[in-house]
Amino acid sequence: MPSPPSADRNPLRHSVFEDAYALVIGCSLIVLGLACLHRAGLVTGGVAGVALLLSYVLPLSAGMLFTLINIPFLLFASRTMGIAFTVKTLLVSSSITLFSLVFPHIMGLSFIDPLWAAFFGGTTIGMGILSLARHQAGVGGTGVVTLWLYKTRGWNVGKAQLTIDVGILLVSLLAIDVRHVLLSAVSAVAISGVVATFHRPGRYTGY
């Protein structure tokens with residue numbers, strides 16, 4: 001009886017080209033979502049939310065700030081999560097910065113309704129994260145901390161991330177009004193909703 005094919009010969013396994021294409025799609029969607037939220041004066045959860053918040057007071061794009069803020073998380077990941085995870089996260093973070101610099105030269109947003117920006121921007125970021133996650137990559141940031149807490153302390157990843165996101169939204173009250181903070185909460189829920197709905201263990205076998 002012939003032996004089953006090894007994992008390395010699995011026809012469902014992604015090729016290098018497919019992984020690279022997913023990275024381009026994922027990072028592009030994240031930058032588009034950030035642009036929508038920024039145009040409407042909103043923030044969101046995680047490092048993306050911190051980057052957006054700082055972009056309103058600093059002369060730097062949200063994408064550039066995203067990478068700068070990610071640096072300490074990358075250093076933390078290199079010590080706790082392994083080099084492979086860190087390299088992928090660094091590649092994604094650098095790509096988001098690059099795409100954020102290119103974005104204003106290829107596309108502009110003159111107007112977007114804040115409620116639609118919250119839903120569409122959050123959903124777009126979530127789809128970008130999903131594209132990366134399905135190819136074993138991530139955006140780093142607070143996700144590194146929540147994964148580490150899960151591995152070392154057994155803390156629930158969802159609850160830990162929710163706590164962090166609520167903290168970011170509360171701090172954002174110092175810079176934006178209550179209405180925009182509430183809309184920003186919609187964007188955070190949209191991001192989490194996409195990932196929770198479409199990325200479940202055992203559903204996807206393309207890696």
Side-chain angles (χ1 to χ4, degrees), residues 7 10-39 42-52 61-67 69-70 73-74 77 81-82 84-104 106-107 109 112 116-147 150 157-158 161 165 186-207:
N10 185 350
L12 295 179
R13 189 181 183 88
H14 288 303
S15 66
V16 173
F17 171 78
E18 290 169 338
D19 286 339
Y21 191 28
L23 185 147
V24 172
I25 293 173
C27 292
S28 298
L29 289 173
I30 289 171
V31 170
L32 175 60
L34 287 173
C36 292
L37 295 176
H38 187 273
R39 186 67 184 84
L42 304 179
V43 297
T44 190
V47 169
V50 177
L52 282 166
S61 69
M64 177 67 75
L65 288 166
F66 183 93
T67 296
I69 297 168
N70 236 341
F73 292 101
L74 288 171
M81 305 297 289
F85 179 88
T86 304
V87 169
K88 288 183 179 180
T89 303
L90 177 61
L91 183 60
V92 168
S93 185
S94 301
S95 298
I96 288 174
T97 296
L98 176 62
F99 293 168
S100 70
L101 294 175
V102 173
F103 186 85
I106 60 176
M107 182 176 179
L109 294 173
I112 185 168
W116 176 249
F119 172 74
F120 179 76
T123 299
T124 303
I125 292 173
M127 293 302 293
I129 293 173
L130 181 68
S131 176
L132 297 172
R134 285 188 164 182
H135 290 257
Q136 304 301 287
V139 296
T142 55
V144 174
V145 177
T146 57
L147 286 174
Y150 170 74
V157 172
Q161 186 63 56
D165 290 347
V186 172
S187 73
V189 171
I191 294 173
S192 299
V194 168
V195 177
T197 301
F198 298 110
H199 189 28
R200 296 180 182 174
R203 171 176 291 184
Y204 187 67
T205 58
Y207 52 82

**Prompt:** If you round to the nearest 0.5 Å, how far is CZ of R39 from CD1 of I112?
**Reply:** 9.0 Å
**Item:** Heavy-atom side-chain contact between I129 and V194 under 4.5 Å
**Value:** no
**Straight-line distance of I96 CD1 to L23 CG, nearest 0.5 Å** = 8.5 Å
**Fill in**
Rounding to 0.5 Å, atoms CD1 (I69) and CE (M64) come to a distance of 12.0 Å
**Item:** For the student: nearest non-hydrogen atoms of A62 and L52, plus distance
**Value:** CB-CD2, 3.9 Å
**Request:** For T44 and S187, work out which heavy atoms get closest and say how close.
**Result:** OG1-OG, 3.0 Å
**Prompt:** Where the side chain of T97 meets the backbone of F66, is there a donor-acceptor pair that is under 3.5 Å apart?
**Reply:** no
Under 3.5 Å donor-acceptor pairs involving side-chain atoms of residues 27-38, not counting sequence neighbours:
unit_1, atom_1, unit_2, atom_2, d
S28, OG, V24, O, 2.7
H38, NE2, S55, OG, 3.4

**Request:** Quick one: closest heavy-atom pair of P104 and L101, and the distance?
**Result:** CD-O, 3.5 Å
**Message:** Test your reading of the model: is there a side-chain donor-acceptor pair from S131 to the backbone of M127, 3.5 Å cut-off?
**Reply:** no
**Item:** T123 side chain to A190 backbone, donor-acceptor under 3.5 Å
**Value:** no
**Prompt:** Does the pair L74 and T89 meet the rule for a side chain to side chain contact (heavy atoms under 4.5 Å, CB included), with working shown?
**Reply:** CA-CA 7 Å; L74 288 171; T89 303; 3.3 Å; yes
**Prompt:** Is the closest side-chain heavy-atom distance between L132 and V139 below 4.5 Å?
**Reply:** yes
**Asked** Considering residues, nucleotides and ligands other than F119, do more than 12 of their heavy atoms fall under 6.0 Å from its CZ?
**Response** no
